[in-house]
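Worksheet: one structure, shown below.
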Amino acid sequence: GAVVSQHPSWVICKSGTSVKIECRSLDFQATTMFWYRQFPKQSLMLMATSNEGSKATYEQGVEKDKFLINHASLTLSTLTVTSAHPEDSSFYICSAPRSGSTDTQYFGPGTRLTVL
Amino acid sequence: KQEVTQIPAALSVPEGENLVLNCSFTDSAIYNLQWFRQDPGKGLTSLLLIQSSQREQTSGRLNASLDKSSGRSTLYIAASQPGDSATYLCAVPSNSGYALNFGKGTSLLVTP
């Protein structure tokens with residue numbers, strides 16, 4: 001099946017620093033990718049939709065200036081958490097459907113962010 | 001807005017038992033429903049995808065059913081094993097596109 005990778009798998013950073021998370025579709029093209037966040041004991045919540053060649057769309061309550069998304073190519077989307085704070089500590093997961101497909105989405109393995 | 005609810009939130013059963021996990025959704029205008037498995041600290045593994053035109057899907061010991069009109073789906077696990085212990089998530093596409101709305105999951109523990 002299709003593979004989506006994320007890098008890094010985990011990161012620890014100091015409060016106030018910025019962290020970049022990469023999401024790559026390894027064997028298919030994805031014009032759209034999704035970024036989710038999962039707090040402990042909670043379900044996945046959609047943060048934003050990353051669109052290749054255009055601006056990302058953010059869900060209500062998600063600060064676009066804090067969570068910068070860049071869909072640089074048909075296989076790469078990046079999420080940058082700027083000026084991270086402890087409350088940003090979470091599990092971030094990306095997903096991507098194959099372009100033109102409405103079926104199964106392929107999820108990355110997730111990135112565990114811990115902000116000290 | 002589509003809301004997905006899963007019951008029970010947690011379940012503990014002895015090995016060998018058959019069990020049922022429940023999922024309900026508020027907007028029946030979905031085009032598919034997926035069940036995922038998530039191990040602690042890990043990403044998601046897709047288990048079953050049911051299209052809106054289907055009533056059930058089977059994969060090994062797993063069987064998922066879908067009743068769109070009532071907004072319900074069930075995941076049936078036969079002859080449970082300790083390796084089945086994980087959190088099971090139900091998800092449906094959002095009203096606006098391909099992004100998924102997830103339930104909070106059912107945390108399953110199968111004891112030897």
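What you see below is based on every heavy atom in this structure, not just the backbone, and it leaves out hydrogens, waters and symmetry mates.
- Applying the 6.0 Å contact sphere to NE2 of H7(A) captures no more than 12 heavy atoms from other residues, nucleotides or ligands.
- Distance check: F36(B) CZ to Q105(A) CD gives 7.0 Å after rounding to the nearest 0.5 Å.
- Contact check for F91(A) versus Q38(B): side-chain heavy atoms found under the 4.5 Å cut-off.
- In R55(B), the CZ atom is not crowded: 12 or fewer heavy atoms of neighbouring residues, nucleotides or ligands sit closer than 6.0 Å.
- Linking ILVMFWY side-chain heavy atoms closer than 4.5 Å, directly or via other members, places L68(A) and L46(A) in two distinct hydrophobic clusters.
- Contact tally against chain A (heavy-atom pairs below 4.5 Å) for A9(B), G103(B), A91(B), S46(B): the top residue is G103(B).
- In this structure the side chain of L44(A) reaches within 4.5 angstrom of the side chain of L89(B), judged on heavy atoms.
- When heavy atoms are compared at a cutoff of 4.5 Å, Q6(B) does not approach chain A at all.
- Within the 4.5 Å cutoff, the side chain of T87(B) has no heavy atoms near those of the K41(A) side chain.
- Interface remark: Q38(A) contributes side-chain atoms only to the contact with chain B (heavy atom separation under 4.5 Å).
- Grouping the Ile, Leu, Val, Met, Phe, Trp and Tyr side chains by contacts below 4.5 angstrom, directly or via other members, places V19(A) with V62(A).
- By the 6.0 Å contact criterion, CZ on R72(B) is open, its count of non-hydrogen atoms from other residues, nucleotides or ligands being 12 or less.
- With Y36(A) contributing its side chain and L100(B) its backbone, the two residues share a donor-acceptor pair below 3.5 Å.
- Crowding of K42(B) atom NZ: a count of heavy atoms from other residues, nucleotides or ligands under 6.0 Å not exceeding 12.
- When the shell of 6.0 Å around CD of E3(B) is examined, it contains 12 or fewer heavy atoms from other residues, nucleotides or ligands.
- For K104(B), the parts lying near chain A are the backbone and the side chain together; criterion is any non-hydrogen pair under 4.5 Å.
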